[in-house]
Amino acid sequence: MLHISAEDIYRTLPMAKCIEIVENAMRELSRGTTLQPDRSIMPLGDGNAMGIMPGSMKSPAIHGVKLISLYPENPARGLSSHQGVMVLFASETGTPVAILDASALTAQRTAAASAAATRALARKDARVLAILGSGEQSAHHLPGLLEVRAFEKVRVWSRTPAHARAFVERHAHIAPSLETRPSAREAVAGADVIVTVTASPEPILEGAWLEPGQHVSLVGASIASAREIDIEGVARGRFFVDSSQAAASQAGELLAAINAGKVDNGHIVGEIGAVYDGQLKGRRTADEITIYKSLGTAAQDLATANEIWRLLESVQTPLRSA
Ligand code: NDP
């Protein structure tokens with residue numbers, strides 16, 4: 001069995017390739033060829049939790065489980081807020097074939113999933129990107145989104161201004177005209193694409209600020225009680241999800257809008273995989289607002305882990321037999 005480190009993951013699967021793998025995984029999810037029981041979240045006290053995410057895919061034929069501790073205060077200790085492992089099994093024999101660092105896997109696949117959704121839903125002429133949040137996910141979303149649109153300006157807002165400034169210093173070499181903004185509202189004004197990647201439980205983005213033609217990816221809130229955009233924002237957008245099944249119980253922004261009677265279940269246009277598959281129209285006009293709600297799926301973890309394992313295994317096998 002291979003033990004695959006964070007360094008192995010980043011070295012083996014560059015972002016551009018990961019976007020293609022994840023897009024295909026979402027296609028398979030929407031075709032119904034993957035099995036994805038709802039994830040369990042076990043509270044550990046002090047705001048910490050453990051997530052257990054099982055899943056299986058027919059193509060490729062693999063199954064596995066991601067075990068991940070969620071420790072929001074970890075970045076202050078210099079550690080990722082996501083700590084864990086993914087165990088990958090080959091479905092033909094049921095044999096475990098790899099254990100992967102789940103922090104890097106999650107960071108890479110989530111950013112790749114948002115990039116694929118942005119490629120499908122944002123206007124082709126999008127030039128201004130706004131990132132709300134400056135943590136680990138933001139750091140991976142920036143290169144991911146730069147793969148899919150020719151952004152000329154990138155704005156970053158973060159709750160702690162020093163963190164936004166540090167983000168700009170760390171990433172200025174990869175992003176054109178990367179600047180901080182003092183408020184979320186100022187970051188999103190005039191932006192073509194907005195990505196929310198914060199651990200905020202309450203909305204940091206208001207529907208009243210949205211402008212015609214914007215695309216919004218909501219990534220940071222992945223439990224029913226957390227929201228990054230308010231009810232008006234949900235109602236204003238053509239709303240796509242990664243998984244309809246997961247959204248029905250975990251998409252906090254959508255659930256709040258439904259509970260308030262502002263939208264009904266039919267507000268979900270469909271799964272992003274159906275858009276990739278050509279079954280569903282993504283953006284229809286230059287003026288409409290599109291929203292992609294990311295909760296993260298086992299199919300993304302499995303397909304990404306499988307690709308990395310196969311690439312590393314193909315290097316190791318000749319070495320072993322030599
Ligand atoms: P980090 O801990 O690295 O960064 C957290 C970010 O959230 C920081 O920018 C922080 O701002 C900001 N933040 C925290 N609390 C608040 C608040 N109350 N109001 C506004 N901003 C706040 O986390 P990650 O980048 O790894 O993850 C970000 C979020 O994405 C998490 O909620 C995580 O669970 C979620 N996630 C979602 C995935 C998906 O598939 N959809 C996958 C992985 C993660 P500052 O530092 O400036 O204070």
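Model, not experiment: these values are computed from the prediction. Ligands are counted one by one from 1 in listed order, and the atoms in each one are counted from 1 as well. Because only heavy atoms are used, hydrogens play no part in the values below, and waters and symmetry mates are left out as well, while side chains stay in.
Between Arg119 and Glu20 there is a salt bridge, since a side-chain N of the basic residue sits under 4.0 Å from a carboxylate O of the acidic one. Using a 4.0 Å cut-off between charged side-chain N and carboxylate O, Glu169 and Arg165 make no salt bridge. With respect to Glu28 and Arg31, a salt bridge is recorded, a charged nitrogen being found less than 4.0 Å from a carboxylate O.
In this structure, ligand 1 sits under 4.0 Å from heavy atoms belonging to Pro75, Ser81, His82, Thr106, Arg109, Thr110, Gly133, Ser134, Gly135, Glu136, Gln137, Ser158, Arg159, Thr160, His163, Val197, Thr198, Ala199, Ser200, Pro201, Ile204, Val219, Gly220, Ser222, Ser294, Leu295, Gly296.
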Show me the side-chain donor-acceptor pairs of residues 126-137 shorter than 3.5 Å, one per line, residues at least two apart or across chains.
| from | atom 1 | to | atom 2 | distance (Å) |
| --- | --- | --- | --- | --- |
| Ser134 | OG | Ser158 | OG | 2.7 |
| Glu136 | OE1 | Ser80 | OG | 2.6 |
| Gln137 | OE1 | His141 | ND1 | 3.4 |

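Among all heavy-atom pairs drawn from Val85 and Ala102, the shortest one is N-CB, 3.5 Å.
Aromatic ring centres of His140 and Tyr10: separated by under 6.0 Å.
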